[in-house]
Amino acid sequence: MSRVGKLPVNVPAGVDVSIKEDQISVKGTGGTLQLAQNSLVRIANDAGKLSFQPANESREADAMSGTMRQLVNNMVVGVTKGFEKKLNLIGVGYKAQATGTKLNLAVGYSHPVNVDMPAGITVATPTPTEILIKGADRQRVGQIAAEIRAIRPPEPYKGKGIRYADEKITIKETKKK
């Protein structure tokens, strides 16, 4: 059996988990998240601990038990603490400004770039060169961060662009004659 799938998910107080035949719903202070139920995994709720068992002995069911366990764990963590990604802007004149559900970027193009945030995702700019993306859904937070980074990815010669806060860019040496 999957090593990750063997571990139970602890449900803290204030979080409500409802398991139906076709979906799992987790409700907490950070919002409500839903996930489609997989027929290869059986989920049991034992007094605040969720356990995941493969429905049969197949390799796919074994792998899916670990996947479902981690997805549900991310949902529980998301509605209690939330997830965040931090991006940095490196470059002369590069700046970001968050206004409500929009993010305005000036990253070296002839026009400003506006990015609309979907529901459940908040964006903040503590400084003009930092972007902080927060939300309960780990996948959506990471996807929005990747889309913002793709507007101006870091280039390898000077390192200018939008990068994750913990990202290391290898700077190439310039071409010589």
Side-chain angles (χ1 to χ4, degrees), residues 1-88 96 98-103 105 113-126 130-151 153 162-168:
M1 187 174 163
S2 166
R3 290 184 190 184
V4 174
K6 288 180 185 178
L7 300 172
V9 174
N10 294 322
V11 179
V15 175
D16 181 38
V17 177
S18 66
I19 302 167
K20 298 184 176 115
E21 287 193 24
D22 58 341
Q23 76 176 13
I24 303 162
S25 179
V26 179
K27 186 176 181 183
T29 56
T32 302
L33 296 174
Q34 295 169 346
L35 177 68
Q37 177 91 337
N38 195 314
S39 62
L40 295 175
V41 182
R42 288 185 310 235
I43 302 172
N45 191 352
D46 303 323
K49 287 188 186 254
L50 297 173
S51 60
F52 299 82
Q53 298 293 326
N56 54 37
E57 295 296 318
S58 71
R59 186 175 176 150
E60 292 81 16
D62 190 33
M64 192 51 70
S65 68
T67 301
M68 287 293 289
R69 184 255 177 223
Q70 195 58 41
L71 290 173
V72 172
N73 187 51
N74 286 340
M75 290 168 57
V76 170
V77 171
V79 298
T80 54
K81 299 177 191 166
F83 292 100
E84 69 176 37
K85 285 274 188 181
K86 188 174 178 185
L87 300 169
N88 291 332
T99 54
T101 61
K102 284 188 179 250
L103 177 67
L105 297 170
V113 179
N114 296 320
V115 181
D116 291 326
M117 294 296 132
I121 303 291
T122 59
V123 64
T125 50
E130 288 181 356
I131 303 169
L132 199 62
I133 303 162
K134 294 182 182 179
D137 191 349
R138 185 175 189 167
Q139 193 275 331
R140 290 179 69 201
V141 168
Q143 182 67 36
I144 294 294
E147 289 171 4
I148 291 172
R149 182 185 179 275
I151 292 169
I162 303 172
R163 64 173 81 169
Y164 296 112
D166 57 351
E167 185 177 10
K168 301 280 188 258

Participant: Is there a donor-acceptor contact under 3.5 Å from the side chain of R69 to the main chain of L7?
Facilitator: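 Confirmed, R69 side chain pairs with L7 backbone.
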Participant: If we only count heavy atoms from C-beta on, is the L103 to T125 side-chain gap below 4.5 Å?
Facilitator: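 A side-chain contact exists here, since the closest heavy-atom pair is under 4.5 Å.
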Participant: Where the side chain of R138 meets the backbone of L71, is there a donor-acceptor pair that is under 3.5 Å apart?
Facilitator: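 Here the side-chain-to-backbone pair does not exist.
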Participant: Taking the side chain as every heavy atom from C-beta outward, state whether V115 and I151 have any atom pair closer than 4.5 Å.
Facilitator: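 Yes, their side chains come closer than 4.5 Å.
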Participant: What closest approach, in Å, do N10 and K49 show between heavy atoms, and which atom pair accounts for it?
Facilitator: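 Answer, listing the atom of N10 first, then K49: OD1-NZ, 3.1 Å.
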Participant: Closest heavy-atom contact between V79 and A136?
Facilitator: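 The answer is N-CB, 4.4 Å.
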Participant: Could you list the residues that satisfy salt bridge (Lys or Arg N to Asp or Glu O under 4.0 Å) with K86, not counting sequence neighbours?
Facilitator: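 With neighbours one apart ignored, the set is E130.
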Participant: What are the two closest heavy atoms between P118 and I144, and how far apart are they?
Facilitator: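 In this case the closest contact between P118 and I144 is CD-CD1, 3.7 Å.
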Participant: Is the shortest heavy-atom distance from the side chain of I43 to the side chain of Q37 under 4.5 Å?
Facilitator: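 Sidechains of Q37 and I43: in contact.
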Participant: Please name the residue in the list V141, D116, D137 that meets the side chain to side chain contact (heavy atoms under 4.5 Å, CB included) test with I121.
Facilitator: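 That would be V141.
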Participant: Taking side chain as C-beta onward, heavy atoms only, is T80 less than 4.5 Å from T29?
Facilitator: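 No, their side chains stay 4.5 Å or more apart.
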Participant: Distance check, rounded to the nearest 0.5 Å: D46 atom CG versus S51 atom OG?
Facilitator: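 Rounded to the nearest 0.5 Å, the CG-OG separation comes out at 5.0 Å.
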Participant: Do L105 and I131 have side-chain heavy atoms sitting under 4.5 Å apart?
Facilitator: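 A side-chain contact exists here, since the closest heavy-atom pair is under 4.5 Å.
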Participant: Looking only at heavy atoms, what is the nearest atom pair of P153 and A150, with distance?
Facilitator: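 Scanning both residues, the minimum pair turns out to be CD-O, 3.5 Å.
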Participant: Can you find a heavy atom in the side chain of K85 that is under 4.5 Å from one in the side chain of I148?
Facilitator: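 The answer is no; the side chains never approach within 4.5 Å.
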Participant: Are the side chains of N74 and Q139 in touch, meaning some heavy atoms are under 4.5 Å apart?
Facilitator: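 Contact flag for N74/Q139 side chains = no.
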